[in-house]
Amino acid sequence: MQTRRFVLAHRPRGVPRETDFRLETVDIPAPQDGQILVANVYASVDPGIRARLGEEATYAAPLQIGETVEGATVGRVVASHNPKFGEGDWVAAAFGWSEHGLSDGRGVRKIADLRVPPSAHIGVLGIPGLTAYFGMLDIAKPKEGETVVVSSAAGAVGSAAGQIATRSGARVVGIAGGTDKCNWLHDIGFAAVIDRRAEPDLGVAVARACPQGVDVVFDNVGNSFLDAMLPLMRIGGRIVVSGQVADYNTPAGERPGLCNTSHFITSRLTMRGFVAFDYFREFPKAWADITQWILDGKLKYRADIDEGFEKLPSAFIGLFNGDNFGRKLVRIGLQI
Ligand SMILES: NC(=O)c1ccc[n+]([C@@H]2O[C@H](COP(=O)([O-])OP(=O)(O)OC[C@H]3O[C@@H](n4cnc5c(N)ncnc54)[C@H](OP(=O)(O)O)[C@@H]3O)[C@@H](O)[C@H]2O)c1
C-alpha cells in the first residue's frame, strides 16, 4: 500500500515557500502485531512548526531534510492489530503531513466522545485549546475586574485564551487583523478589539483601550508587541509568552529584543513562557472542562479548513500573513 506525505526539502529563509516542501509517495507497511493503521482525515498547520524547520534547536530537535513535516492529525483506524483500537475508531495523533499513520498506539488518543466534531480534537480540544487553558488558568490567573490583553486573538490559541479570561471575570481586549476577525471577537464576548492592520501604533491603541492599564498580556506574537506593552502594565502584572509568530521567520540574532525592561522593576512584573505539553498529566481535566464549556455554548471556536492534501504548504505559509480565520486545518480527502 502507498501513501503520500510532505517532507522538508529545504530549510526556509524568511517566510517559507512551497518549494521548501516536497510531496512524496512512499510504501506503507501492513500493520504488525500491536500496531494500527490510521487514515488521516484532517491535518493541522501550526505556526510553531516554523521553529523546527530551521537549524536552531528549540524544545524539540530541528526537523531533518527528508523528514515528514510535523502536524496534528485526526483520522480513522482502517486496520487494527491492537486490542485498544477497533476499525473505524476516530483517533487524534501527530502523524504529520501524511495521508496515513502507522503506530503501536503510543501518542494516539481514541476519541470516544463525539459530541464535539472530530476536527475540534486537534483544535480547541487539541494543543491550541490546551495552551490557552493552562497559559491562562495556571500562569496568568486573571481575576475579576482585571484587564487582559490577548494578541492574535482571533486565532486558535488566542480566541480560547480570551474567552477563558472572560470566564474569570476579567475585561478582555483582543488584537486581530481585519474587520471580520474583530467583529467575531466582539460577538464571542471580547470587551474591546483592536484591528492591528488599522492601527499605526499598537502601544497607543492598547493604551486607549485600557485606560486603567493592563494586568495580563497573553502574547502569541513576539517581542516588538511585548515591548510596547511593558510601559502599560500595572503593578503585579503577568506576561504569558505563548508564541512569537511575528518573529519565527527572522533568524536568531536578528529578532527584536525588549528595551522597556525597567518596567519589570517598577511594576513588579512577571514574565513566563511555557509549552502546553508541560501540563500533559492534567490534560484529562482540561478536556473535560473545555468539552463542557463548548456544549454549554460558553466557548466558541472556528475551524478554517482547506480541501485537499496538496494544500498543506500553502495553508501553512498563509499563517504568517493572517490568511487563516480560526484553527487552520486541511482535509486530506480520505473521509471514510
Ligand atoms: N506554547 C505552546 O505550547 C504553544 C502551543 C501552540 C501554539 N503556540 C503559539 O500560539 C500562537 C498562536 O498559534 P495558533 O495556532 O493559534 O495560530 P493562529 O493565531 O490561529 O494563526 C496565526 C495568526 O498570527 C497572526 N500573525 C501572523 N503574522 C503576524 C505578525 N507578523 N504580527 C502579528 N500577528 C501576526 C495572524 O492573525 P491576525 O491576522 O489576526 O493578526 C495569523 O492569523 C503561535 O505563536 C504559536 O506558536 C504555543
Side-chain angles (χ1 to χ4, degrees), residues 14-16 43-53 58-60 70-72 94 120 122-136 138-140 149-164 174-185 190 193-199 202 205-206 217-229 239-250 255-256 271-280 282-283 286 301-306 315-329:
V15 179
S44 74
V45 295
D46 300 80
I49 295 171
R50 177 64 183 87
R52 290 204 63 207
L53 304 183
T58 60
Y59 62 88
E70 185 181 310
I122 51 171
V124 68
L125 280 161
I127 291 302
L130 295 165
T131 302
Y133 181 96
F134 292 108
M136 210 38 104
D138 192 62
I139 302 177
V149 172
V150 180
S151 59
S152 193
V157 174
S159 57
Q163 291 176 86
I164 290 168
I175 299 165
T179 312
D180 289 348
K181 292 182 183 182
C182 290
N183 287 343
W184 181 65
L185 291 176
F190 280 62
V193 184
I194 294 167
D195 182 350
R196 75 171 172 102
R197 295 189 190 275
E199 293 290 346
L202 273 184
V206 173
V217 172
F218 188 104
D219 184 35
N220 293 305
V221 166
N223 280 349
S224 297
F225 169 72
L226 268 191
D227 209 34
M229 294 301 103
I239 297 161
V240 181
V241 185
S242 160
Q244 302 183 312
V245 65
D247 297 343
Y248 291 150
N249 290 314
T250 308
R255 289 173 202 145
M271 174 159 140
R272 209 182 119 188
F274 74 110
V275 172
F277 283 109
D278 300 344
Y279 294 91
F280 182 70
E282 296 166 59
F283 281 4
Y301 63 94
R302 285 182 62 104
D304 178 349
I305 303 177
D306 283 354
F316 173 61
I317 294 162
L319 295 173
F320 300 101
N321 194 33
D323 292 348
N324 65 305
F325 186 177
R327 173 58 161 163
K328 190 73 194 180
L329 301 177

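Both counts, for ligands and for their atoms, begin at 1 and track the order of listing.
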Protein heavy atom at shortest distance from atom 40 (O) of ligand 1: Gly177 N, 2.8 Å
Hey, what do you get for CD (Gln244) to CZ (Arg50), rounding to the nearest 0.5 Å? 13.5 Å
Spatial distance of atom CG (Leu202) from atom CZ (Arg196) [nearest 0.5 Å]: 8.5 Å
Taking only non-hydrogen atoms of Ser152 and a 4.0 Å limit, the atoms of ligand 1 in range are 19 (O), 23 (C), 24 (O), 25 (C), 37 (O)
Please classify the Asn220 to ligand 1 contact at 4.0 Å (heavy-atom distances, strictly less than): side chain, backbone, both or neither. both
Could you tell me whether Ala176 approaches ligand 1 through its side chain, its backbone, both or neither, with non-hydrogen atoms closer than 4.0 Å? both
Ligand-residue contact atoms, ligand 1 with Gly155, heavy atoms, under 4.0 Å: 16 (O), 18 (P), 19 (O), 20 (O)
Point-to-point distance, once rounded to the nearest 0.5 Å, from CD of Glu199 to CD1 of Ile194: 6.5 Å
Do any N or O atoms from the side chain of Lys181 and from the backbone of Gly155 form a donor-acceptor pair under 3.5 angstrom? no
Provide, to 0.1 Å, the distance between atom 29 (C) of ligand 1 and the closest protein heavy atom, together with that atom's residue and name. Arg196 NH2, 3.6 Å
Which atoms of ligand 1 have any heavy atom of Gln244 under 4.0 Å away? 45 (O)
Please tell me if the side chains of Tyr248 and Leu319 come closer than 4.5 Å, counting only heavy atoms from C-beta onward. no
Rounding to 0.5 Å, atoms CZ (Phe274) and CD1 (Ile139) come to a distance of 5.0 Å
Run the numbers for me: atoms of ligand 1, each under 4.0 Å from some heavy atom of Gly243, listed by number. 9 (C), 45 (O)
At the 4.0 Å heavy-atom cut-off, does Ser242 count as touching ligand 1? yes
Ile127, portion touching ligand 1 at heavy-atom distance under 4.0 Å: side chain
Relative to the heavy atoms of Phe320, which atoms of ligand 1 are at a distance of less than 4.0 Å? 28 (N)
Within this structure, what is the OH-OG1 distance for the pair Tyr279 and Thr131, rounded to the nearest 0.5 Å? 10.0 Å
Determine yes or no for a side-chain-to-main-chain donor-acceptor pair under 3.5 angstrom, with Asp247 supplying the side chain and Arg255 the backbone. no
Could you check atom 31 (N) of ligand 1 against the protein and tell me its nearest heavy-atom contact, residue, atom and distance included? Ala246 CB, 3.4 Å
Are any side-chain N or O atoms of Ser151 and backbone N or O atoms of Asn220, one a donor and one an acceptor, separated by less than 3.5 Å? yes
Do Arg327 and Tyr301 meet the cation-pi criteria used here (NZ or CZ under 6.0 Å from the six-membered ring centre, within 45° of the axis)? no
Mind checking whether Lys328 and Phe316 have side chains closer than 4.5 Å, heavy atoms only? no
For Ala156 and ligand 1, does the shortest N/O to N/O distance drop below 3.5 Å? yes
When rounded to the nearest 0.5 angstrom, what is the spacing between CG in Asn324 and CD1 in Ile305? 12.5 Å
Is Ala276 close to ligand 1, meaning an N/O of one under 3.5 Å from an N/O of the other? yes
Hey, which atoms in ligand 1 end up nearer than 4.0 Å to a heavy atom of Lys181? 37 (O), 38 (P), 39 (O), 40 (O), 43 (O)
Please check this pair: side chain of Ser44 against backbone of Ala72, looking for a donor-acceptor N/O pair closer than 3.5 Å. yes
Do any N/O atoms on Asp323 end up under 3.5 angstrom from N/O atoms on ligand 1? no
Quick check on Phe325 - does any of its heavy atoms sit under 4.0 Å from an atom of ligand 1? no
Quick one: look up the protein heavy atom nearest atom 16 (O) of ligand 1 and list residue, atom name and how far away it is. Val157 N, 2.8 Å
Going by the atom numbers of ligand 1, which of them fall below 4.0 Å from some non-hydrogen atom of Gly48? 47 (O)
For atom 15 (O) of ligand 1, what's the nearest protein heavy-atom neighbour? Residue, atom name and distance, please. Pro47 CD, 3.5 Å
At what distance is the nearest protein heavy atom to atom 46 (C) of ligand 1, and which residue and atom is it? Tyr248 OH, 3.9 Å
Taking atom 22 (C) of ligand 1 as the reference point, the nearest protein heavy atom with its distance: Leu319 O, 3.8 Å
Considering only heavy atoms from C-beta outward, does the side chain of Phe134 approach that of Asp278 to under 4.5 Å? no
Identity and distance of the protein heavy atom lying nearest atom 43 (O) of ligand 1: Asn324 OD1, 2.5 Å
Going by the atom numbers of ligand 1, which of them fall below 4.0 Å from some non-hydrogen atom of Val221? 32 (N), 33 (C), 34 (N)
